[in-house]
Amino acid sequence: MSVEDYLAMLRRRVWWIIVPVLVAPLLALGVTFLLPNRYTSRTLVLIEQQKVPEKYVNAMGNEDLGERLATMQEQILSRTRLQPIIERFGLYKEDVNKMPMEELVERMRRSIAVAAVKADFQNARGGQGLPGFYISFTVDNPRLAQQVCAEITSMFMSENLKAREQSAQGTTEFLAKQLEDAKRKLDDLDSKLAVFKGKNLGRLPGQEGSNMGILMSLNTQLDATTQALNRAQQDRTYAETLLSQQMAAWEATGDAAGGPVTLQQQLAAAQANLNLLETHYTTDHPDVIKARQTVDELKKKLDATDDAPKTDAKPKKSNRLEPQNVAQLRTTLHALDQEIAGRKQQQLRLQKQISEYQAKVSSAPMIEEEAKSLMRDYQTALGFYNELLAKKTQSEMTGDMERRQQGENFRVMDPANLPEKPSFPDRVMFTSGGAIAGLGLGLGLAFLMELRDKSLRSEQDIEFYLELPTLAQVPTVGQNIPVNGDRRHWWQRKKKKETEAEVAAAAAKSDVQVEHGVEA
């Protein structure tokens, strides 16, 4: 079908379309007067951003505000929260005794609407901005609508503050528990590390240099001790030789009383002993001082002997004692023996220390690996502990900020209004909807009438339905030109046209049959 055909169809069925379009809006408008009025009160709540800059105190959580708002909406619109409101404000009085409370709660839930105010900006965390949201409540009483809307708004405000405080408190408690566990683990590792350091003292990483220095120093001391020991042994050998000579001379002279000659020999031995001690010790050493005093006393005795009168009396053999120089030599030998013994002990002690430090140096790589493992675990635990401590401190600051209402907060921009006109039914919308419905109904009826109409109105209809060619068409005389006296109605003229078309089609069909009969 062409556009002309559709236009012709619309012209034929124009009243089937116009009548529903005119009647349906009137019916819809009439229905609005039969429906009960409902009033909607609405509140605008703005979402204020955090007042403290986030570079000082981080915001609590990264949850999307839309998701958090949806969660709060589900909590507030629960049965346990809405039923007290129904009972307190006396909502749905006419249905309280007829319907179960679950249906009344569901009706109230459908009457509450929460819609976000969309805005094209990025918030501080980079998310899509959400400056606020609307809360509306619809009921058949405007005053009740206002009161209930204000109550629901206050529930959103308190729930937001409560949720943020609980979240901050829960986060702080969780971090405190984690911090205790981390501290316990850190203390265990600290104890293990202390035991390890005490067990491997002197072999820890970083002490290799000092160990090598001590080892070199011990070797040097060992060399010096060995040399001193050798010198002491040589001095002892010399002292023994000298003692043998003194004993031989004393026995040969047979003079044990200590005459001048003997005093000179004692003085020589004492002087020799003093010279020997001064080669090993300083002048302040007790042995040196004592040897020097002995030399001085012998010199005084020798001087006194020279000044005393000569006597011929000779001491008896029975009173012979070892001369002092011999006794001094024996003392020197004793001192040398003690020195040799001390040097040997010192040599053994140094050798033992050298062995210990050599063991420390040789075991240093293995100790270093074990120490690294312990230190790595300790540093990891310490880092985790410090991180948890910083997070806990941050969480405590965030919680304090939320308690002081310095964080993200809800603020009522427009309080719940008292509606002056009903929000339902909307007569304009009903009337417009009735018009649209009437238009659809009219078009449907017109299409249905066309489907039921079998009239042939054009050459194409004849060829389509009869499958015969059209030989000629007889136009209607005076078509489209009303003649004088022709006052027939449009449907009479229309019927006339249809009759003429049928006649023409019949004529064409008979002609075709005649032609086919002749040919047959």
Side-chain angles (χ1 to χ4, degrees), residues 24-47 65-118 130 132-164 166 410-434 436-437:
L26 296 177
L27 292 177
L29 182 62
V31 169
T32 59
F33 290 99
L34 299 178
L35 294 175
N37 293 332
R38 301 178 68 81
Y39 298 88
T40 300
S41 179
R42 193 171 71 167
T43 302
L44 173 61
V45 180
L46 292 182
I47 301 173
L65 185 58
E67 296 178 359
R68 183 154 54 88
L69 188 61
T71 303
M72 292 171 54
Q73 181 178 353
E74 293 299 324
Q75 294 175 350
I76 292 173
L77 300 186
S78 62
R79 181 178 182 276
T80 55
R81 307 291 292 273
L82 294 183
Q83 183 175 351
I85 296 177
I86 295 175
E87 296 172 352
R88 184 170 54 162
F89 290 96
L91 297 174
Y92 316 120
K93 291 182 178 178
E94 67 280 5
D95 297 327
V96 168
N97 297 324
K98 299 177 183 178
M99 300 174 63
M101 182 57 68
E102 288 77 7
E103 294 186 6
L104 295 179
V105 170
E106 183 61 27
R107 180 192 294 184
M108 183 177 180
R109 187 179 293 117
R110 290 196 298 269
S111 301
I112 299 172
V114 179
V117 179
K118 298 293 184 182
L130 186 64
F133 57 93
Y134 293 105
I135 301 175
S136 61
F137 178 70
T138 303
V139 73
D140 55 359
N141 188 311
R143 180 63 63 183
L144 278 178
Q146 183 186 26
Q147 294 175 350
V148 174
C149 184
E151 178 66 19
I152 295 173
T153 302
S154 65
M155 292 170 65
F156 268 92
M157 303 283 289
S158 61
E159 186 67 25
N160 175 61
L161 184 60
K162 179 181 177 182
R164 294 184 69 84
Q166 288 180 347
F410 289 171
R411 184 168 66 89
V412 177
M413 187 65 185
D414 292 333
N417 64 315
L418 179 64
E420 297 178 354
K421 65 177 183 179
S423 60
F424 180 85
D426 188 345
R427 291 183 173 83
V428 175
M429 184 185 68
F430 268 71
T431 304
S432 301
I436 295 173

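- With rounding to the nearest 0.5 angstrom, the OH atom of Y39 is 9.0 Å from the CG atom of D140.
- Contact between P25 and T431 at its shortest, heavy atoms only, is CB-O, 3.7 Å.
- Considering every non-hydrogen atom in both T43 and D414, the closest pair reads CG2-O, 3.0 Å.
- S41 places a side-chain N or O within donor-acceptor distance of the main-chain N or O of N417, the cut-off being under 3.5 Å.
- Taking a 6.0 Å sphere around CD of E420, one finds it holds 12 or fewer heavy atoms contributed by other residues, nucleotides or ligands.
- Heavy atoms only, all atoms of each residue included: G434 and A28 are closest at CA-CB, 4.0 Å.
- Judged by distance alone, with hydrogens and angles left aside, the side-chain atoms of S78 form a donor-acceptor pair with the main-chain N or O of Q75 at under 3.5 Å.
- Distance check, rounded to the nearest 0.5 Å: CD1 of I76 to CG of N160 gives 9.0 Å.
- For the pair R143 and F89, the cation-pi test (distance below 6.0 Å, angle within 45°) is failed.
- In this structure, P425 and L35 have side chains that are in contact, with non-hydrogen atoms separated by less than 4.5 Å.
- With a 4.5 Å cut-off on side-chain heavy atoms, S432 and M429 do not count as touching.
- Residue L34 holds its CG atom at 10.0 Å from CG of L29, rounded to the nearest 0.5 Å.
- L69 CG to E74 CD: the interatomic distance, rounded to the nearest 0.5 Å, is 10.5 Å.
- The two residues S136 and R42 come nearest to each other via the heavy atoms CB-CG, 3.9 Å.
- At a threshold of 4.5 Å between non-hydrogen side-chain atoms, the residues L77 and I112 count as touching.
- In this structure the side chain of F410 reaches within 4.5 angstrom of the side chain of I47, judged on heavy atoms.
- Nearest approach of E151 to S154, heavy atoms of both residues: O-OG, 2.6 Å.
- The ring-ring contact (aromatic ring centres under 6.0 Å, His included) search around F156 returns F133, not counting sequence neighbours.
- Residues F137 and M108 are in side-chain contact: their nearest non-hydrogen atoms beyond the backbone lie under 4.5 Å apart.
- The shortest distance between side-chain heavy atoms of T40 and P419 does not fall below 4.5 Å.
- Taking 4.0 Å as the cut-off between side-chain N and carboxylate O, E106 and R109 count as a salt-bridged pair.
- Note: M99 CE to E94 CD = 9.5 Å, rounded to the nearest 0.5 Å.
- Looking at heavy atoms from C-beta onward, L104 lies out of side-chain contact with L91 at the 4.5 angstrom threshold.
- Here the CZ atom belonging to R107 is positioned 8.5 Å from the CD atom belonging to E103, to the nearest 0.5 angstrom.
- Cation-pi geometry between R38 and F424 is not satisfied (NZ or CZ under 6.0 Å from the ring centre, within 45° of the ring normal).
- For M413, the side chain to side chain contact (heavy atoms under 4.5 Å, CB included) criterion is met by L44, L46, R411, not counting sequence neighbours.
- Residues passing the side chain to side chain donor-acceptor pair (under 3.5 Å) test with E87, sequence neighbours excluded: Q83.
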Side chain to side chain contact (heavy atoms under 4.5 Å, CB included) between V114 and M72, intermediate numbers included
CA-CA 11 Å; V114 179; M72 292 171 54; over 6 Å; no
